[in-house]
Number of protein chains: 2
Amino acid sequence: MKGIRQLADHLDISIGTVSRALNGKADVNPQTRKRVLEAAEKLGYVANQSGRSLRKGSTGVIGFMMQTGPEITGQGDTFFMSVFDGVQTVLARHDLDLVALLCSSSEDPDAYLQRTVARGFADAIILSATRRNDARFELLERHKIPFISLGRSLTDVGQPWIDLDFEGMAEAAMERFILAGHKDIGVIWPHGDLNLGYLFIERCRSILAANGIRLREENVFRAKPSEAGGYAVAKEIAARPSRPSAIALVNETLVTGLYKGLEDAGIQPGRDIAIVGRHSPHTQFLSPSLTGFSLSLHELGIALAETLLSVMPAYRQSYGDLRRRIWPMVMIEGGSG
Amino acid sequence: MKGIRQLADHLDISIGTVSRALNGKADVNPQTRKRVLEAAEKLGYVANQSGRSLRKGSTGVIGFMMQTGPEITGQGDTFFMSVFDGVQTVLARHDLDLVALLCSSSEDPDAYLQRTVARGFADAIILSATRRNDARFELLERHKIPFISLGRSLTDVGQPWIDLDFEGMAEAAMERFILAGHKDIGVIWPHGDLNLGYLFIERCRSILAANGIRLREENVFRAKPSEAGGYAVAKEIAARPSRPSAIALVNETLVTGLYKGLEDAGIQPGRDIAIVGRHSPHTQFLSPSLTGFSLSLHELGIALAETLLSVMPAYRQSYGDLRRRIWPMVMIEGGSG
DNA sequence: ATAGTTTCCGTAAACGTTTACGGTCGTTGC
DNA sequence: GCAACGACCGTAAACGTTTACGGAAACTAT
């Protein structure tokens, strides 16, 4: 089945009527509509995307931009797959499709985004891996394409965002450490320019300061957001003449490597060093069990989708004024700290 | 910058010339081409995707279909992100973009694919999570859209594929077990209808049979491809009056849960039960270290891209006749079996 | 100087839709 | 019996590109 032309010829009616029938417009005889629908189904006709979006000016696809490569910046990828699933449950109700816009690790994210939005590929976009200063925000604002971000940035063009409560996490972790009597506290700061790292570190620093404790610079460990990164930090800690008695981290992939590295050095998590981190499917079987923060990724996805729709003119009225949300996480107590 | 029309008016030349200049056609004055290119750059003009692909009949995008949801079917975690990165290094050379076509776990994969290909969304498609019998193959064949698959299927329409060497893995694992004197051997078969499970199990069975050992049915454990799935298998094993002395598995996400579950039951991997599995970033810090199979995901991605291009008419001549490949994995000896 | 050739550029058609507009026919209201 | 109206459908323009075609210069060869 080539196009609407063939379908119309086959039914011996005009393409206008066929189009109207297919799109559920009002002024078409119920009976002819039925004929059209059945024929389309039988012949497997689906409207060509290019023609349709050329005419309508919209594509019906929502893009979720993410970076590829062996090190997922900031999150693991079961993370995204679960979030996507939540996003789609909402989008499907509006006949919108979600695709992942994959930016190669060897390409500049800003240039990539520039290219794909100028091409008119997606009607709206969800950004992830937001950086401290993120030029993508201004780019999308300039192009007037609706978007939201998973994560805040210092760059602010007024768009809504949802961000995990890294600051609340920092507070809870630090207070827990302080209450337990720790004086020498360390923090792992994932490599890269992701804003979440800054948010976390700065809040840790201020909470400690408020309690008369100084976060010493040598206790701020930079690490790649991967198992190997966590392992490297453990080695570094082990090599210190004096090591922190507690450590907090924000990236869920680091923690397994960290555990292993510490154990290899004879340092037992929970006994010799307290650890507070993030939960993921990979952390559930650590021993001692991890004290960490957890959230429902599916629900996060739903919230992202709803927030995005709230900034899309065509859907704005159905969804209220969802602006910015700090997404809460719950702490699950374990034996690690 | 709206369209080519505005750009042409701004330069005071015709849109035809602008288009030719932009697309690197021969008959355009080098000087005007320079002018056009510079103006396009300055004004941020990029050709509209819908108009372009409507006219050309091709979109310049390659789709990689995958399922979303908390359980990545068949592969874990950073697997796909690394593969994508490899794919993109090749595609970028041809100005092709890769997007992930995300099929929600609540949607039928066949229907999803039907919809997206009929819409003319992508020029070519890479399929993953291939099932034992996979109707998607016939669908794409019928629509005459170039595609390959990561994984074989009983359904065969002649398209190229690349598949990990699960059978070689089965052979190596079984022979290793046999050589070590194991008589009671178990296998973990991931849930679902993925073909790789069948390939693995059947080859295990035949190798054992050739050595006079019968794979007992109660030693074939079905498990979800997740950490929790591995843990559940361990519990099941532990509950047995007599348990297998060796176990092989094909999914890399299972193994951490399996380790943990066994240890919780006082069964030590490597000492009380031999384990052979798959390597991934998450398995690198297990102790005892895993005896498992490993591969370069980046190179796999490159191979996938080249194979796909070899079935696309526009690129066929640049890439030879890449047909079907069993992708080798290397075994890394560890302490687990 | 003329014919032939090359270089460059403009014109217009085509790709597959959607939709504003207008037209036909039958029905209703007076 | 006529006007007004509603229900339905066909026509054609428009969306932003690419590209086949032809034509106007400028250049070359005779």
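In what follows, every chain begins at residue 1, and chains take the letters A, B, ... in the order their sequences are listed. In this text, all values refer to a predicted model and were calculated from it rather than measured experimentally.
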Tell me the interatomic distance from [X], atom [atom1], to [N], atom [atom2], rounded to whole angstroms.
X	N	atom1	atom2	answer
B/N29	D/dA25	CG	C1'	13 Å
B/L7	C/dG10	CG	P	13 Å
A/Q31	D/dA7	CD	C1'	14 Å
B/Y45	D/dG16	OH	C1'	7 Å
B/I4	C/dT11	CD1	C1'	14 Å
B/R119	C/dT17	CZ	C1'	13 Å
B/L54	D/dA14	CG	C1'	12 Å

- Item | Toward the 5' end of DNA chain C, by each residue's nearest nucleotide, B/G51 or B/R33 |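 Upstream on the strand: B/R33.
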
- Message: Less than 3.5 Å apart, any donor N or O on the side chain of B/R152 or B/N195 sitting next to an acceptor on the other?
- Response: no

Between the side chains of [Y] and [X], is the shortest nitrogen-to-carboxylate-oxygen separation below 4.0 Å, so that they form an ion pair?
X	Y	answer
A/D110	A/R131	yes
A/R115	A/D108	no
A/D163	A/R325	no

Ignoring backbone atoms, test whether [X] places a side-chain nitrogen or oxygen under 4.0 Å from the OP1 or OP2 oxygen of [N].
X	N	value
B/R5	D/dG16	no
A/S53	C/dT17	no
B/R52	D/dT18	yes

- Flag if over 12 foreign heavy atoms under 6.0 Å of NE2, A/H10: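 Not more than 12 within 6.0 Å, no.
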
- Message: Walk me through whether A/F79 and A/F84 qualify under ring-ring contact (aromatic ring centres under 6.0 Å, His included).
- Response: CA-CA 9 Å; A/F79 181 92; A/F84 288 163; 9.4 Å; no

- Short question: side chain of A/R323, backbone of A/T307 - any donor-acceptor pair under 3.5 Å? no

- Query: Heavy-atom contacts under 4.0 Å between residues 11-28 of chain B and DNA chain D, which residues?
  - Reply: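 Going residue by residue through residues 11-28 of chain B, the ones with a heavy atom under 4.0 Å of DNA chain D turn out to be B/I15, B/G16, B/S19, B/R20, B/N23, B/K25.
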
- Task: Report yes if a donor N or O on one partner sits less than 3.5 Å from an acceptor N or O on the other, where the partners are the side chain of B/R55 and the base of D/dT18; otherwise report no.
- Result: yes

